[in-house]
Amino acid sequence: MAARRRAPGSDLDFLREQLLDRWPIEYAVLGPIVRADQAGMRNADYAAALCRATNDWTAREWLDSDPRLRSSIVVPVEDTAYAVAEVERVAPDPRFVQVYMQIKTALPMGNRKYWPIYEAAAHHGLPVGVHFGGVGGHPSTAAGWASFYLEDHAGNAQSFQTQLTSLVFSGILDRLPNLRIVLIEGGVAWVQSLAWRMDRAFERMHDEVPHLTRRPSEYVAEHFWFTTQPVEEPPDPRSLSRLFADVPALRDRVMYSSDYPHWDFDAPDQVMRTVPMSATDRAKMMSENARALYRLPAPAPADAGE
Amino acid sequence: MSLQYGGLTGNPPTAVGWPTYLVEEWVGMATVAQSQIMSMIAEGVFDRFRDLRAVVVEAGFSWLPAFLWRFDKNWKGLRREVPWVRRAPSEYVREHFRFTVGPADLQPGEPAALQHVIDDMWGADLLLFGSGYPHDVVARPRDAVPGHFSDPEVEQVMSGNARAFYRLDEPAGIGGRR
């Protein structure tokens, strides 16, 4: 009798077959979505236990079994003390390469409530990855509850913009010059317009945020990384090439992401396939930017012939 | 319909809670506009009211291409959820929406980038001059228009587009229309 497979994303052999072995994937960074944020809204002890269990399970069931895998430290974001404790507990394991949050939070991410989490991440040299989804307790859009998943999905991009804005104006990026934020599944192309708008707002209203030492766009270029899936798809793919030329930092900041095992998965050989791009820039996007950010070792010379 | 910057609903002005600073809310008004456009299209407002037109006032416009690239892409993947939305969202925007040019979108240091953004949103067709009076008044109206625009495009933004959109050339007075 053939071995029964579990659902995609919960079965390592199935992951190897569908993703890791099917394409030449050197490393895959896991992003467990455990809804600790939702639980933590009401029961911090449960959220903390869920996160601890998830991180331990990830290490034992996944990271121990395949050397290509890395993962993200899930933390109960709405209970800062527990979240910091979990970062401290798990960070010594170098296979965990970032601290993990979901984009929907109870307060905008720049709020001081969350600063100890960023301090812990920066202390350990870990980026903070922020993924699509989560439950913050607020309507799904700034204009109230949306009726359709379409709005919820496309609207997550607006929450990413809000969180970036909050982080920039909060002052945390001056306080932690080595803090790196990875915005995952939030899109990329909006960053140019948002940086313009923030710079303009800063010109007018800098008195309100005297703690900022530079223009908002400078913080964006230095502290934020982005992932491809679901990258915006203009009718003319060259629009994206122009954007990458107009915002040169993006060449060093955009990383391939698959969103496996979700319905809107992007295959490595399909993503931005029609977008004109130099081989160097494509290599950066597909591997080198992530290698640098997550400090992933280059392949050993002995592996080159395999 | 005019969708004007501001308003209070009782909800936080962001989808992730109350911001700390006014400057966040000011920047974020562009994302509120995006949510409203998305809602009106997804709910089928323009399929029910085919003549309805809306102007987004004081929320900028340079976010429009990136927003529509994402919205169109998601619509392709999820359109079975909203079968009454018969066309790509960008087509509804092109037909039903206009945007006032805000100085927030005009970056003197990056004229080429701005030109690329405007090329990606049908040029000057969707833009209307807005003075911002009495809040954020531009010194010279020409300063409110992208620097690379040709004279005919300037004319479009300064009067032609509004003339057509508001039907200003039609007979004046209540009851004069139709």
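By convention in this document, chain letters (A, B, ...) are assigned in the order of the sequence lines, proteins followed by strands, and residues within each chain are numbered from 1.
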Under a 4.5 Å heavy-atom cut-off, does chain B meet the side chain of [X], its backbone, both or neither?
{"X": "A146(A)", "answer": "neither"}
{"X": "E151(A)", "answer": "both"}
{"X": "E203(A)", "answer": "neither"}

Can you tell me which portion of [X] sits under 4.5 Å from chain A's heavy atoms? Options are side chain, backbone, both or neither.
{"X": "D72(B)", "value": "neither"}
{"X": "P12(B)", "value": "both"}
{"X": "I41(B)", "value": "neither"}
{"X": "F67(B)", "value": "side chain"}
{"X": "V117(B)", "value": "side chain"}

So how far is it from [X] [atom1] to [Y] [atom2], rounded to the nearest 0.5 Å?
{"X": "L78(B)", "Y": "H153(A)", "atom1": "CG", "atom2": "NE2", "result": "6.5 Å"}
{"X": "L22(B)", "Y": "R204(A)", "atom1": "CG", "atom2": "CZ", "result": "9.5 Å"}
{"X": "E43(B)", "Y": "S147(A)", "atom1": "CD", "atom2": "OG", "result": "3.5 Å"}
{"X": "E25(B)", "Y": "T165(A)", "atom1": "CD", "atom2": "OG1", "result": "12.0 Å"}
{"X": "K113(A)", "Y": "T20(B)", "atom1": "NZ", "atom2": "OG1", "result": "12.0 Å"}
{"X": "Q34(B)", "Y": "T141(A)", "atom1": "CD", "atom2": "OG1", "result": "11.0 Å"}

Ion pair R70(B)/E232(A), N-O distance below 4.0 Å
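So R70(B) does not pair with E232(A) through a salt bridge.
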
Between the side chains of R242(A) and D119(B), is the shortest nitrogen-to-carboxylate-oxygen separation below 4.0 Å, so that they form an ion pair?
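Judged by the 4.0 Å cut-off on N to carboxylate O distance, D119(B) and R242(A) do not form a salt bridge.
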
For L150(A), does its backbone N or O pair with a side-chain atom of E81(B) as donor and acceptor, under 3.5 Å?
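Between the backbone of L150(A) and the side chain of E81(B) there is a qualifying donor-acceptor contact (under 3.5 Å).
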
With no hydrogens and no angle check, is any side-chain donor or acceptor of K73(B) less than 3.5 Å from a backbone partner on P234(A)?
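Absent.
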
Any cation-pi pair here, R197(A) with W26(B), using under 6.0 Å and within 45°?
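That pair qualifies as a cation-pi contact.
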
Exercise: identify the closest heavy-atom pair between [X] and [Y]:
{"X": "A15(B)", "Y": "K104(A)", "value": "CB-NZ, 3.9 Å"}
{"X": "W190(A)", "Y": "A66(B)", "value": "N-CB, 3.6 Å"}
{"X": "L107(A)", "Y": "W18(B)", "value": "CD2-O, 4.1 Å"}
{"X": "P108(A)", "Y": "E24(B)", "value": "CB-OE1, 4.4 Å"}
{"X": "A143(A)", "Y": "N11(B)", "value": "C-ND2, 4.5 Å"}
{"X": "F169(A)", "Y": "V27(B)", "value": "CE1-CG2, 4.0 Å"}

So W69(B) and L240(A), side-chain contact (heavy atoms from CB on, under 4.5 Å) or not? Walk me through it.
CA-CA 10 Å; W69(B) 298 342; L240(A) 274 190; 4.1 Å; yes

For W84(B) and F148(A), I'd like to know if the aromatic rings sit close, meaning centre-to-centre distance below 6.0 Å.
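Judged by ring-centre distance (under 6.0 Å), W84(B) and F148(A) do meet the cut-off.
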
State whether the number of non-hydrogen atoms from other residues, nucleotides or ligands found under 6.0 Å of [X] atom [atom1] is greater than 12.
{"X": "D151(B)", "atom1": "CG", "result": "no"}
{"X": "R112(A)", "atom1": "CZ", "result": "no"}
{"X": "R238(A)", "atom1": "CZ", "result": "no"}

Would S193(A) and S62(B) count as a side chain to side chain donor-acceptor pair (under 3.5 Å) here? Give the steps.
CA-CA 6 Å; S193(A) 168; S62(B) 64; 2.8 Å; yes

Is there a side chain to side chain donor-acceptor pair (under 3.5 Å) between Q158(A) and S35(B)? Walk through the geometry before answering.
CA-CA 8 Å; Q158(A) 282 111 59; S35(B) 297; 3.2 Å; yes

Checking L243(A) against H116(B) for the side-chain contact (heavy atoms from CB on, under 4.5 Å) test, could you report, in this order, the C-alpha distance in whole Å, the side-chain angles of both residues, the deciding distance, and whether it holds?
CA-CA 8 Å; L243(A) 179 72; H116(B) 293 153; over 6 Å; no

Using side chain to side chain donor-acceptor pair (under 3.5 Å), reason through W196(A) and E110(B) one step at a time and then give a plain yes or no.
CA-CA 10 Å; W196(A) 288 347; E110(B) 300 183 61; 3.1 Å; yes

Pairs of heavy atoms under 4.5 Å with chain B: top-ranked of A189(A), A154(A), S166(A)
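Heavy-atom pairs under 4.5 Å are most numerous for A154(A).
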
Best-contacting candidate, S159(A), G155(A), P139(A), against chain B by heavy atom pairs under 4.5 angstrom
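Heavy-atom pairs under 4.5 Å are most numerous for P139(A).
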
Do you know which of A59(B), S90(B), G28(B) has the most heavy-atom pairs with chain A at a distance under 4.5 angstrom?
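Heavy-atom pairs under 4.5 Å are most numerous for A59(B).
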
